[in-house]
Amino acid sequence: MLGLMQDWPLLVSKFIDHAAVNHPNREIVGLLPEGGKFKYTYADMAKRSKMCAQALERAGIQLGERVGTLAWNSHRHAEIWFGASGMGAVTHTINPRLFPEQLIYIMNHAEDKLLFLDITFVPLVEKIAEHLKTIHTYVIMVGKEHMPETSLEGALSYEEFIGAEDGNYDWPVFDENTACSLCYTSGTTGNPKGVLYSHRSNFLHTLVALAGDTLGIGGQSVILPVVPMFHANAWGIPYAAAGCGAKVAFNGPHHDPETLHQLMMDEEVTVTAAVPTVWLGMLKYLQATGKDVGKLTTVTIGGSAAPRSMIQAFQDDYGVRVNHAWGMTETSPLGSLGSENAAVQNLSKEEKLDIQCKQGRSVLGVEMCIKDDDGNDLPRDGESSGGLYVRGPWVVKEYFKGDAGQILDDNNWFDTGDVACIDEYGYMHITDRAKDVIKSGGEWISSIDLENAAVAHPDVAEAAVIGVFHPKWDERPLLVLVMEEGKTIGLEAMNAHLVKHVAKWWLPDDVQFVDELPHTATGKISKKDLRDQFKDYKLPTA
Ligand code: AMP
């Protein structure tokens, strides 16, 4: 027997409609890429999101077609999220930090038809435009008065693009399983892979993001999502903020501590979220200037492990609660969060800090387990460490266009590539990473691409790259080389060779030489053994 409740498709347009009706005067503010600050309300955002939807329809965008964004966090970017997805297209958020070849690859793979881009990225897109096979319209996210000279054919200004519309528009209603947004992850081996979120997955994810124990946001919150809208949906914050009427402060292209701090003070920010590298800079800034954090009560830290000293400094020196979160592009991204449950309430301060250094308990909707190499379940004893597997309604089922084939096991578990243990209270702790990628400042570096580039050097016999701890960037690449007999090379010369193949920020911080690299039984380089070999090694840049 089926229940007798209403069929109300879970569409993300409902968030902005809700905000417009229930929180029409709540403010959105933002620092603009073209300079200056902007302020308006949810009522304005809702109207302009509809104007954006109308403009996309006029530009010929059809249901299911991909609309790219190459943009910082801003009110315009949020309007596109609601406008494009709301009218039935797929919002494809593109990470501008990728190497040009990767950008070309993913825009062609996604078959983006229209690209919204910030003025900051005009030179970048001009350089690659001839390779972008499917984009027929470029919209630069500024007003007409700020339109740059550009070789991008027929480029329009965003304000002109949406300004021709009236905003009298009813969001179309369609199946909640319709594709809503697309985000490529480079946190896997091989080419970046697309994670295609549905309206339903984004809606359910938002409900959990709004739960009391999750990000700590509600109607009174003023939230500053420093985490970019192009990386794992800014942890769902733009949807969640509209869903509860929180004021949002967008930092635009600014990530330096001074500007972020000023924005926090000016807008009386209460909640914020970013990767550890951002908070390390902020803590240093606060300590150097003696400034306080104003109204800030909660900071969510994720993307990489939050160091103990950082958690302690926020809590003890600034009275700010730290929420340590774990997630992935493949998990929309919220997977686990470190809020306190009743079982740990009475532990000592030190014990609680130990728990906060872990990556938290799974949120409702995400199931988690750890398995050994043979696929056997491991106990939740805080010691047994194995591959971390997840499943749930906002966890990926397969990558866009079936890339990488079947990615779930027979019981629908997705292998995260992280290695973890889970304790008796349910707190998960990442202990290692099985996937062969390095996370630096929240963004991925492919060790395989670096290795391939290194062995292309005629004097190199074999090369391996591992991630090594770095206090600012969390991890940086270390290149380990076996040289051809009688040959030597320095870091500078090696990097001069590598920079022809990879982005500058990928270049290794150091090179070490060995007579041979450890190999597995199947002849692959054993990164696990290599990491063990270099476990006491310290980078000269650290
Ligand atoms: P991404 O898809 O780029 O968001 O990266 C997801 C990956 O980042 C995870 O699989 C982890 O390897 C890593 N990660 C995310 N959050 C944390 C955390 N709190 N601690 C350690 N690693 C993390």
Side-chain angles (χ1 to χ4, degrees), residues 93-95 97-98 102 106 181-189 192-197 205 214-215 225-237 273-280 299-308 310-311 322-339 355-363 366 368 370 385 387-390 394-396 399-400 404 407 413-422 427-447 466-467 469-470 473-475 527 531:
T93 51
I94 304 163
N95 185 342
R97 293 180 180 135
L98 296 178
Q102 289 177 311
I106 66 168
S181 48
L182 176 65
C183 185
Y184 280 70
T185 176
S186 47
T188 57
T189 44
K193 293 176 186 66
V195 181
L196 188 61
Y197 309 103
H205 180 266
T214 312
L215 297 173
V226 184
V227 46
M229 290 170 73
F230 55 74
H231 192 154
N233 303 318
W235 303 352
I237 291 169
V275 295
T277 303
V278 169
W279 298 129
L280 193 81
V299 43
T300 299
I301 307 180
S304 290
R308 188 186 184 90
M310 180 179 287
I311 301 175
V322 171
N323 224 346
H324 190 180
W326 171 91
M328 307 176 73
T329 306
E330 286 91 334
T331 64
S332 298
L334 296 178
S336 65
L337 276 118
S339 54
I355 284 183
Q356 279 190 297
C357 291
K358 301 184 179 188
Q359 278 74 7
R361 291 175 292 118
S362 43
V363 294
V366 175
M368 249 176 208
I370 42 173
S385 168
L388 176 68
Y389 289 72
V390 292
W394 54 88
V395 176
V396 67
Y399 290 111
F400 189 42
I407 54 170
W413 290 108
F414 171 71
D415 181 357
T416 64
D418 289 320
V419 179
C421 42
I422 303 180
Y427 288 85
M428 182 271 287
H429 183 202
I430 305 265
T431 55
D432 198 2
R433 194 181 287 141
K435 48 197 172 193
D436 207 359
V437 275
I438 295 158
K439 207 168 209 193
S440 175
E443 301 290 349
W444 294 110
I445 295 174
S446 160
S447 39
I466 50 172
F469 170 75
H470 188 283
W473 302 108
D474 189 49
E475 283 179 359
K527 292 295 177 71
R531 277 199 291 269

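Read the numbers this way: they start at 1 and go in the same order the structure lists the ligands and their atoms. Source: prediction; values computed, not measured.
- With hydrogens left out, the protein atom closest to atom 7 (C) of ligand 1 is Trp444 CZ2, 3.4 Å, a heavy atom.
- In this structure, atom 19 (N) of ligand 1 lies nearest to the protein heavy atom Ala325 O, 2.7 Å.
- No heavy atom of Glu443 sits closer than 4.0 Å to any atom of ligand 1.
- At the shortest separation from atom 20 (N) of ligand 1 among protein heavy atoms lies Gln359 NE2, 2.9 Å.
- A search for ring-ring contact (aromatic ring centres under 6.0 Å, His included) contacts involving His205 returns Trp394, not counting sequence neighbours.
- If you check which protein heavy atom lies closest to atom 21 (C) of ligand 1, you get Ala305 N, 3.3 Å.
- The existence of a salt bridge linking Lys527 and Asp436 is confirmed by a sub-4.0 Å separation between a basic side-chain nitrogen and an acidic carboxylate oxygen.
- Of the possible polar contacts, one joining the Trp279 side chain to the Ala274 backbone as a donor-acceptor pair under 3.5 Å is found.
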Exercise for review: Start with the C-alpha distance between Leu196 and Phe400, add both sets of side-chain angles, then the distance that settles side chain to side chain contact (heavy atoms under 4.5 Å, CB included), and finish with yes or no.
Suggested key: CA-CA 6 Å; Leu196 188 61; Phe400 189 42; 3.9 Å; yes
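- For Asp418, the salt bridge (charged side-chain N to carboxylate O under 4.0 Å, His left out) criterion is met by Lys435, not counting sequence neighbours.
- Every atom of ligand 1 with a heavy atom of Thr329 under 4.0 Å away is listed here by number and element: 1 (P), 2 (O), 3 (O), 4 (O).
- Residues Glu330 and Tyr399 have side chains that bring a donor and an acceptor to within less than 3.5 angstrom of each other.
- Between Thr185 and Lys193, the side chains place no donor N or O within less than 3.5 Å of an acceptor N or O (distance only, hydrogens not considered).
- Ion pairing of Arg97 with Glu443 is present here, as a side-chain N (NZ or NE/NH1/NH2) and a carboxylate O approach within less than 4.0 Å.
- Near Met328, meaning under 4.0 Å from one of its heavy atoms, ligand 1 places the atoms 2 (O), 4 (O), 6 (C), 9 (C), 10 (O).
- For a threshold of 3.5 Å applied to N or O pairs, the pair formed by Gly303 and ligand 1 contains at least one separation below that value.
- Heavy-atom distances between Gly327 and ligand 1 reach below 4.0 Å in at least one pair.
- Thr431 and Ser385 share a side-chain donor-acceptor pair at under 3.5 Å.
- Close contacts between ligand 1 and Ser304 involve ligand atoms 16 (N), 17 (C), 18 (C), 19 (N), 20 (N), 21 (C), 22 (N), 23 (C) [criterion: under 4.0 Å to a heavy atom].
- Given atom 9 (C) of ligand 1, the protein heavy atom at minimum distance is Asp418 OD2, 3.2 Å.
- Protein heavy atom nearest atom 8 (O) of ligand 1, with residue, atom name and distance: Lys439 NZ, 3.0 Å.
- Residue-level proximity to ligand 1 for His231 is carried by the side chain, the only part with a heavy atom below 4.0 angstrom.
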